[in-house]
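Down below is the structure, laid out as structure tokens.
This one's a predicted model, so the numbers in the text were calculated from it and none came from an experiment.
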Amino acid sequence: LRTTFIKDQDSLAYRIYGRSEIQERHRHRYEVNYECVPALEARGLRFTGQDDKGHRMEICELRGHPHFFACQYHPEFRSRPGEPSPPFLSLVLAAAKRLDRRLEDDGGRLRIGAGFERR
């Protein structure tokens, strides 16, 4: 497992994980070229999660999109039927147009396992 630091508390990553440090298994084959980051960010892509040195881009988002969340790790390895990984739960909620409401109901941070009691 490798630590990813979520640098923006206003990001989707922070709202779905509810913390600024997460532990996930990193993908080793492909990475974002660090020299391209300024050009990508100038065009609207936000790199909200990075390694401890700020050189490995782990999470990117596109503000204004219902759920543009991409990661360089394997969230599927931490996902279980009754306890889905935050990226998967948030994707399903966004597809059902329920993510914003769920985040609001959960106090601004996605609570995994919450919502089963609601109708």
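- For the pair Ser85 and Glu76, the minimum side-chain heavy-atom distance is 4.5 Å or more.
- The shortest distance between side-chain heavy atoms of Val32 and Phe47 falls below 4.5 Å.
- No side-chain heavy atom of Gln50 sits under 4.5 Å from any side-chain heavy atom of Phe5.
- For the pair Asp51 and Gly54, the tightest heavy-atom approach, listed with the atom from each and the gap, is OD1-N, 2.8 Å.
- The aromatic rings of Tyr17 and Tyr73 sit perpendicular to each other, their planes meeting at more than 60°, with 30° as the lower class boundary.
- Residues Arg102 and Leu110 approach most closely at CG-CD1, 3.6 Å, considering heavy atoms.
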Audit row: Glu21, Thr3, side-chain hydrogen bond (donor to acceptor under 3.5 Å, both in side chains) steps and yes/no: CA-CA 6 Å; Glu21 292 182 26; Thr3 302; 5.3 Å; no
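- Heavy-atom contacts from other residues, nucleotides or ligands closer than 6.0 Å to CZ of Arg109 number more than 12.
- Around atom CD of Glu35, no more than 12 heavy atoms belonging to other residues, nucleotides or ligands sit under 6.0 Å away.
- In summary, Asp105 and Arg98 do not engage in a salt bridge, as defined by a charged side-chain N under 4.0 Å from a carboxylate O.
- Heavy atoms only, all atoms of each residue included: Leu99 and Pro66 are closest at CD2-O, 4.3 Å.
- A donor-acceptor pair is defined here as one N or O able to donate and one able to accept, closer than 3.5 Å; no such pair exists between the side chain of Glu31 and the backbone of Arg56.
- Interatomic distance, Arg78 CZ to Ile112 CD1, rounded to the nearest 0.5 Å: 11.5 Å.
- Atom-to-atom distance recorded for Asp106:CG and Glu104:CD is 10.0 Å, nearest 0.5 angstrom.
- At a threshold of 4.5 Å between non-hydrogen side-chain atoms, the residues Arg2 and Glu58 count as touching.
- Ring orientation note: the planes of Phe69 and His67 are tilted relative to one another, at an angle of 30° to 60°.
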